[in-house]
Every structure is written in C-alpha cells, then in structure tokens.
Amino acid sequence: KDQPDKKELAANLNTANVRCQLEEIRLQQANSELSRFKYLRRMESLKERRTFELGETMLASLHGIRAYFHHISDLTNGLAPRLARLQETQTHTRTEFQKQQEPWNKREQNLKTKIAEVSVAHTTATTLVAGISGGQATGVGTSVISPSDPKSLGRVEEEVGVWTIGSDLNTSSLYERDATRGVITEGWLYKKSASRMHLHTWNKRWFVLDKEGLHYLRGGVLKGHAHGVFGNTTMERVKVCDILLCSVRENSTDKSLPRFCFEIMSPNNRPYCLQARGPLEFSMWVDSIRGCIEKQLIGGGTPSVSTLNSGDSTGKDPRSLEEFVDVVDLGPGGTPMLGHDLSSDGAEKALKNVQSCQPQWNPNRKATSSSEIDGMTEQERASFAAAGKSDNEKVKAILKSNACCVDCGAPNPDWVSLNLGVLFCLTCSGVHRGLGVHVSKVRSLTLDALTDVELAVIARLGNKNVNFIYEAEMQSGWTKPTPENTRQEKEKYIKSKWEYKGFVDM
C-alpha cells in the first residue's frame, strides 16, 4: 500500500505536464503583452515628441533667420551716412541740372522766335510770288514790291540776310564754339577736285589756317567740336601750301566757276580752287590768308629750307632743317631740350639769307659731283679732306663733336645729311643717298663748300641730339650695327631708322 498506484502516478504526471505547458503559455502571453505595451508606448512617445521636436527645430531656424537679418540691419545702419551723402550729392546734381536747363530753354525760345520771324518772311515772300504769278504786278495786300526795292541778286541776298542766318541763329542761341589753340581760321570750304575721274567735282572739306600753312582734313570721322576738330587724329592732315609762298586770287570775274570761289597759288604745289559758303566766309578766308602773309612778311617770317627747294606737289613736306632746329636744343650739361626758339642764337637771321638749298661747290677742287667724289682714291680723298679741314674752323668743330658715325659708330665720319644734321661714314652715306633727297640730302663735309647756315645747323644738331629723337625707343629684335656689319645689315637698319622712323618714341 505504501507504493503509489501506477495509474495514479501516471495521472499525476499528466496533470503536472499540463500545468507546465499552461504556465509556459501564460508566460508567453505575458511577454507578448509586454511587447505590445512597449510598442504602444513607443508610438505614443513618437506622437508627443513630434510636437515639441518640430517646434524646437523651427525655433532654431527662426533664431538663425533673426540673427541673419539682424546682421543685415547692422550693415544697413552702417551704410546710412554714406547713403545720406549720396542722396545729398544726387539732389545737388539734379538742382544743378535744372539750373542748366534754364538758359537752354531760353536759347531754345530765342531760336524759335527767330525761326518764327523767318517763317513770317517766308510766308510773305510766298504770297508775293503767288500774287505776281496771278497777274498782280506788284503783289497782293501787304506783300508788294515797291520801286525802291533792290532788284539785283546781291542786294536781295543782303536785304533778306540769307548769308547771316547762321550767325543770327548763333547769336539768338547764345552759342559760341570753343576756339582751337594755334589756329587762325578754320571752317568748311568746298574744294574742286583736280582729277576728271572723280564722280564728285566739289568735295566739302574742313580747312585749317595756322602759322604753318593752310591744311585740310581728309578721311576718317569728323568728331565733336569741344576741343576743335583740328586735333582729331582719325583724319589725315593734308597740307595745301606754306603761307609765305602762296597768293590768293579771287575768281569773281570767272563765269565758269560758282560764286565765292578763290584760288590758292603756290610755286611748289598745284593751284587749289576753293569755294566759301557765302560772301562773309569768302571775305573771312581771303582776308585771313592775306593778313597772315602780310604778318609773316612784316614780322620776318621765313619758309623752311625744304619748302624753298622742294618740287613735290603732293602737299607732304619732308622734314626740314628748321624743323629739327626748332625742336632740339642743348640745355645744361648737353641735355636736349624741346621747344627752343631758333631766333635765340641768331640762326633765324642767317636762315633769312637762304635762297636755295642747292650745294655750292668749291671751285678750287677737282671733283664737281658726288659721283666723282665716290670715284676718288683714298689718297685723293684724304688730301681733299685735309684741305677742307684746314680752310674752315667750323668744319673742324663739327668733326670733333661728331667723332663717330651716327648709324654704325665708325670713327671719323666726314659725310653729312643737310636736312637731318648728322654725320656718317662712307658706307652709310651710300645708303643714305639711296633713300632719296626727300629723306636725306647727302653731302661731303670736307669736300663740298657748305654755306654758313648749313654748317650752323649741323653744328647745332649733331649726331647725339638727333639720335636722342630717332633712337629714343629701340624696338625688340633690333640692334644698332657696328662698323664690322655688312652693308645689307646697315641698309636695313638705316631704312627703318630714317625712312620709316621705327625707333622714334611716338
């Protein structure tokens, strides 16, 4: 009886297993409930956090925006004084502009008044023409022609004032053109073309009269007049003539030409037939040119040496001796100075005696031409040179002050360019002679009998002073030749230097 019954033991074991399984199920249910609770709590937490975390983020953004605009406000406040000054300047500018408009409005009103007077006169003349055309002998109403009215064209033009309308309008508008410095007279003229191939026989050109002569501008664009059109660098400046050598001929009797024409006659250039825009401008130009001629004759004006000797009719004058003497002078220590007057040392007085630029040959020597000089032997050349040096102390001084060739630096140069005032060696002289007399007039300093004026100019200029101008800016890739260089190398350099002025500081 103490041992349990097998059946009862088996029943208790089944009951215990069921209980264990049920406890396990209940534990799993409890864990599942805990997981569900945590999930619900997480969801609820997220809902609550969304509210305040979004607010915090937005608030941080608003603080950043506030700080940005606060910085902008500080910068704007710093600009306030400058803005106030700018506003004051703009207000002052607007006030000045309005003040400037008042005289312009007055000028415009004066112009309109003058134009209204011209319009009334035009209406009267139109009515007069209509009345006479309709059979009325003297016109209609107040528009009549009295017996005392002028009948000739000139008198009618004078009464109408057709040639003074421009000055009247300028007076009415209070307009005055700025004068150009150094210019005596300038304005529009019609120039008759010398070529029969031109489509337009008469061309309108802006002419300028100054102390150098009469010029006109050609090509380019004629710009504003604030500082004078004469200073316009976009147009070609063509020289008509030198004032001292020209004369003016009025063509009032020539019926083949239009009215108000006059001719400029010059020994070195072709005649220029010009037409003015009315009798007033005609008288202005003729009187100005003649007055300038008279002033230069009375005041001792002298044409350039190149002008006296030039036969070129293109109007483009080569560089003269006076041009270089006028711009180059020796200052303290031998420094070149620009703008010195030739008359300060009496050279101008000597230039007045120049009648020709042709060389004066020494009658005591054998050679009579440059070709004969080139054909001399070295012994003959030396004997002639010694004779020339001993006869003229000025030549000695020139040779001493110009001991080297102006182009290649060879010692003891004895050839000279009259219009350039420089000395060079025999080789370089041949190259200079090939450039033409319009560029360089070559003579022998010791073999040719040069005039005192020519010697004075050469002594005044010299190699150093002229090279100061013609070698002022040596271009890259160029070197000055030496006596050892070939003739071809020297020729290339000399042409670039003298003919094309490639090393002049523009």
Side-chain angles (χ1 to χ4, degrees), residues 304-312 318-325 347 350-351 353-378 380-408 410-463 465-467 470 490-491 494-495 497-499:
S304 62
V305 178
S306 62
T307 302
L308 292 172
N309 189 51
S310 174
D312 184 15
R319 286 184 175 267
S320 63
L321 297 174
E322 286 185 322
E323 180 179 353
F324 283 100
V325 175
L351 282 173
N353 299 325
V354 177
Q355 299 298 328
S356 175
C357 201
Q358 297 296 331
Q360 298 178 6
W361 303 100
N362 189 343
N364 296 324
R365 68 182 184 88
K366 298 179 181 180
T368 58
S369 65
S370 297
S371 61
E372 293 183 31
I373 295 175
D374 294 339
M376 287 183 180
T377 63
E378 292 297 330
E380 292 174 336
R381 189 184 304 278
S383 62
F384 276 105
K389 294 177 183 177
S390 62
D391 292 340
N392 197 332
E393 294 297 327
K394 295 181 180 179
V395 174
K396 291 182 180 180
I398 293 174
L399 292 172
K400 183 178 180 180
S401 60
N402 299 275
C404 298
C405 174
V406 69
D407 293 322
C408 69
N412 303 322
D414 57 357
W415 290 85
V416 65
S417 174
L418 295 182
N419 59 319
L420 298 177
V422 296
L423 276 71
F424 31 73
C425 62
L426 177 62
T427 304
C428 294
S429 69
V431 179
H432 273 259
R433 191 178 291 112
L435 298 178
V437 295
H438 65 288
V439 177
S440 181
K441 297 180 180 179
V442 181
R443 297 292 181 267
S444 174
L445 184 62
T446 57
L447 303 180
D448 296 329
L450 304 183
T451 64
D452 292 338
V453 175
E454 294 167 343
L455 292 176
V457 173
I458 297 170
R460 190 65 180 275
L461 295 177
N463 294 354
N465 298 326
V466 176
N467 273 342
Y470 276 85
K490 294 180 181 180
E491 182 177 1
I494 291 172
K495 283 188 176 181
K497 176 181 177 180
W498 301 107
E499 187 174 3

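As the structure is a computational prediction, the values presented were derived from the model and not from experiment.
Rounded to the nearest 0.5 Å, atoms CZ (Phe424) and CG (Asp414) are 10.0 Å apart. With values rounded to the nearest 0.5 angstrom, Ile494 atom CD1 is found 11.5 Å from Glu499 atom CD. Rounding to the nearest 0.5 Å places CG of Leu450 at 8.0 Å from CD1 of Ile398. Atoms CG and CG, on Leu461 and Leu423 in that order, are 11.0 Å from each other to the nearest 0.5 Å. Atoms CG and NE2, from Asp407 and His432 in turn, are 4.0 Å apart once rounded to the nearest 0.5 Å.
In terms of heavy-atom proximity, Arg433 sits nearest to Trp415 at NH2-CZ3, 3.5 Å. Closest of all the heavy-atom pairs between Asn419 and Ser440 is OD1-CA, 3.5 Å. Nearest heavy atoms, Asn463 versus Asn402: N-OD1, 2.7 Å.
Residues satisfying the side chain to side chain donor-acceptor pair (under 3.5 Å) test with Asn467, not counting sequence neighbours, are Lys497. For Lys394, the side-chain contact (heavy atoms from CB on, under 4.5 Å) test picks out Asn392, Asp452, Leu455, with sequence neighbours left out. Under the side-chain contact (heavy atoms from CB on, under 4.5 Å) criterion, Cys425 pairs with Cys405, Cys408, Ala410, Thr427, Cys428, sequence neighbours left out.
Annotation: side chain of Thr446 is in contact with side chain of Leu399 (closest heavy-atom distance under 4.5 Å). Val406 is not listed as a side-chain neighbour of Tyr470, based on a closest heavy-atom distance of 4.5 Å or more. Between Trp498 and Val431, the closest side-chain pair of non-hydrogen atoms is not below 4.5 Å.
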message: Walk me through whether Val416 and Glu454 qualify under side-chain contact (heavy atoms from CB on, under 4.5 Å).
response: CA-CA 10 Å; Val416 65; Glu454 294 167 343; over 6 Å; no
